[in-house]
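See structure below.
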Amino acid sequence: MFKKITMGAVAVTLAATLQVTSASAGESLYVPQLSYRTGPFAAGGTPIANGFGDYLAMINARDGGINGVPIKTDECETGYNSQKGVECYEATKGKGALVYNPYSTGITLQLIPKAPVDKIPVFSMGYGLSAAAVGEKFPWTFNYPATYWDQMSSIIKFIDSQDGGIKGKKIGFIYLDVGYGREPIPLLDILSKKMGFKVVKFPVGVKEMQSQSSQWLNVRKERPDWMIMWGWGAMNTTAIKEAAKIRYPMDHFIGNWWSGADVDLRPVGAAAKGYRSANMAASGADFPAIQDVLKYVVDKGKSQVKDRSEVGTVLYNRGLYNAVAVVEAIRAAQKLTGKKVIDGSDMRLGFENLDLSAERMKEIGLPNFALPIKGSCKNHGSGGAIFLQQWDGKKWVRTSDGITPMTDLVRAALVKAADKYVADKPGWQTQTCK
Amino acid sequence: MFYREAGQYKTSYKEDSAIFPILQDRIAIWFYLAVAFVIIPLFGSEFLINSVMIPFLVFALATIGLNILTGYTGQISLGHGAFMGVGAYSTYKLVTYFPDTNVVVLILLSGFFSAAVGMVFGLPSLKIKGFYLVVTTLAAQFFLEWAFIRIPWLYNYNDSGAIEVPQREVFNIIVTGPDASVLSRYFVVLSIVVVMTWIASNIIHGRIGRSWMMIRDMDIAAELIGVRPLFAKLSSFAVSSFYAGVAGALMVFLWLGAAEVESFDVNVSFQILFMVIIGGLGSLVGSFLGAAFIWILPIVIRAVPRIMGMDINASTVEQLNFMIVGALIVLFLIIEPHGLARMWAILKQKLRVWPFPY
């Protein structure tokens, strides 16, 4: 018995090492999918992963791939953990990966220095290192549609347009105390000096996500005129509940686009009425492309969604939007290079020439789904417009047009931060843009 | 039949007290070293070296560190994740201030910083024992985590709050930073781990190590026969944190390339403690076995369905992984509470009499 088990174990290990070395790319477009369906943030990670995977599956099922080349995906579980994320990266990068969507700012920070070495672009859609949007300094990193700094400037711009301006007001900033939450602080400090408002910061540690009474006690003491939140996972629901408990005016509480999902607000329900959050993609399933996803993937039982109603929620649509951008970048790369099967370097060109105009979005069956994205060599993701949505007690309602970020100011700050990042790295690969 | 010391006579005390008294063991050690230094670099894939071997060696070193404290001196610590962080952050600061110094030297130097921090937090061990000591080391963990976030000087005021490893060369070979080749990093980690394991083995088998074990077995008796608890306990904390600190520096500089506070949180402390317990308290071999069990086994389990061609969701595999590893930990501890090292010893004992057990 023991002998059998040992032999079995040896066989499996041998097979494992052989497989890892012999797996090859073949005639396909390989897009590894880093996702997290386990761990403390699984509630947010699952719909994103579903939206992303389902759209790619739909393209394969409906069109037979992109220009005839099927997309191959491989899901790797990161659990929102940087070490596991890097392990996923190492395990998949040798198979001809075209792009990585790390779905965690922590993992993104780890992958940014590896991207130029392995020649695989990193696409952190609406998260990650803001400075990476400076194309001259970060040729391999993309942040479409907008960085955290853009988003913060848009939110501040919105606040400035309300109640007679932001000057002299007090803004409370409650954030998850990890790389992600701290990311917009430098810009917030710049803006507060420039526009003459005061900032009070309320950090929430990962361990205290679900018990924020001390932070909200401080909020009650400080009485900020507006609250801005950079939260994720269980932190969002808890914060909104606590805000309701201290009777903070909900319509003066604005979350970023990771703090405005259906799963965050449903547990609070009517008490959260008026809460606003930023977003980049519309919610709802009334788009031809999403109907196709339902028809070709979900109804055929090929999706991992638990319930049909998950399709069209905020995070599902965001994952889907991410997949749309990837697919369109592959198309752009194929067109530019004339090749059907592309590699990471071609993909990088594809991202720089990404053009998700209103017409193109209509063509692919997502009219008015999101605001246009136009890539360039210089700009890898800053300046895309952001809109606000508001919770009506049951669902999200889009309440604003695109609020363009304060592009000049943000760009200047981004360039400064990018220079600082590159300064102590002598061999760092940069590019010059015409 | 093959593993038997019949005919091997010892003619001096030195031979008799050798760490590997049996010839086959000595051959085995050279064989393992040959595998690690020659076979794996020659035939291993990049994934095997970068995501399996390097982390395994790093965690093995940290486990040796904690084993010195917990296994040999009998003091439990839940602060070793943070002590690893002290090593990483101090290397980062040293590399910033001395850009031209050999980075390997700086990594080893950083151990002294974590040793100093470890000694400070080891002071309560002179007064308190057991669970109460666990609580004070846990306090060290939380305090240090707080310090890594709230003292921006430690991460050079980076906006992201993360430490990013700059590129450094040793003898014109790039060993740190994203351009460093996997092999150069692997060889640096492997060499450091081998040398430090050898040093640990010598300390443990020498006078200092014996005084640690006396403290562990019965501190009052040890004190009566002339072991100074102050020196023994603090030296154990110092050596232990030194190892943890170097492991932390290796983890960030030669494996991850960048790290945030989350890389050194309390889960890491628990992970290392599990490696010590699973591997076997008070055993250097056990430290390697424990690290392999906790780090490599999940990677193998994750790879199995892909190889078998089974179409299982990544998340399901991950859940199964948690369950299997958890069940195995419980199973192993029931079968052999003294850890894998003890199983290894029993296996060797059985091998000696095989195939004619009496």
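The chains referred to below are lettered A, B, ... by the order of the sequence lines, with proteins before strands, and numbering in each begins at 1.
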| query | Is chain A contacted by the side chain of I149(B), its backbone, both, or neither, given a heavy-atom distance below 4.5 Å? | reply | side chain
| request: Mind listing the closest non-hydrogen atom pair of S82(A) and Q110(A) along with its distance? | output: CB-NE2, 4.0 Å
| query | Looking at M251(B), E145(B), Q319(B), E260(B), which has the largest count of heavy-atom pairs under 4.5 Å with chain A? | reply | E260(B)
| What heavy-atom pair brings K119(A) and W140(A) nearest, and what distance separates the two atoms? | C-CZ3, 3.4 Å
| query | If contact means a heavy atom pair closer than 4.5 Å, which residues of residues 409-416 of chain A contact chain B? | reply | none
| field | T78(A) to G85(A) - nearest heavy-atom pair and separation | value | CG2-CA, 3.8 Å
| said: Let's test your reading of the structure: which of A258(B), P166(B), A162(B) forms the most heavy-atom pairs below 4.5 Å with chain A? | reply: A258(B)
| query | So which part of V317(B) gets closer than 4.5 Å to some heavy atom of chain A, the side chain, the backbone, both or neither? | reply | neither
| query | Under a 4.5 Å heavy-atom cutoff, which of V117(A), I112(A), D118(A), T46(A) has the most pairs with chain B? | reply | V117(A)
| remark: Interatomic distance, OG1@T92(A) vs CZ@F47(B), rounded to 0.5 Å, equals 9.0 Å
| query | For Y36(A), is it the side chain, the backbone, both, or neither that has a heavy atom closer than 4.5 Å to a heavy atom of chain B? | reply | neither
| chain B interface, residue from K420(A), E183(A), Q33(A) that has the most non-hydrogen pairs under 4.5 Å | K420(A)
| Within-4.5 Å side-chain heavy-atom neighbours: L78(B) and F142(B) | no
| Salt bridge or not for D177(A) and K201(A), using N-O below 4.0 Å? | no
| request: Can you sort out the partners of E318(B) under salt bridge (charged side-chain N to carboxylate O under 4.0 Å, His left out), two or more places apart, ordered by chain and number? | output: K84(A), R302(B)
| said: Measuring only between side-chain heavy atoms, which start at C-beta, is Y100(A) closer than 4.5 Å to P32(A)? | reply: yes
| Shortest non-hydrogen contact between V305(A) and E310(A), atoms and distance | CG1-OE2, 3.6 Å
| remark: Bottom line for P116(A): the part with an atom under 4.5 Å from chain B's heavy atoms is neither
| request: With a 4.5 angstrom heavy-atom cut-off, could you sort out which part of R168(B) is near chain A: side chain, backbone, both or neither? | output: neither
| Electrostatic pair K95(A):D74(A) at N-O distance under 4.0 angstrom | yes
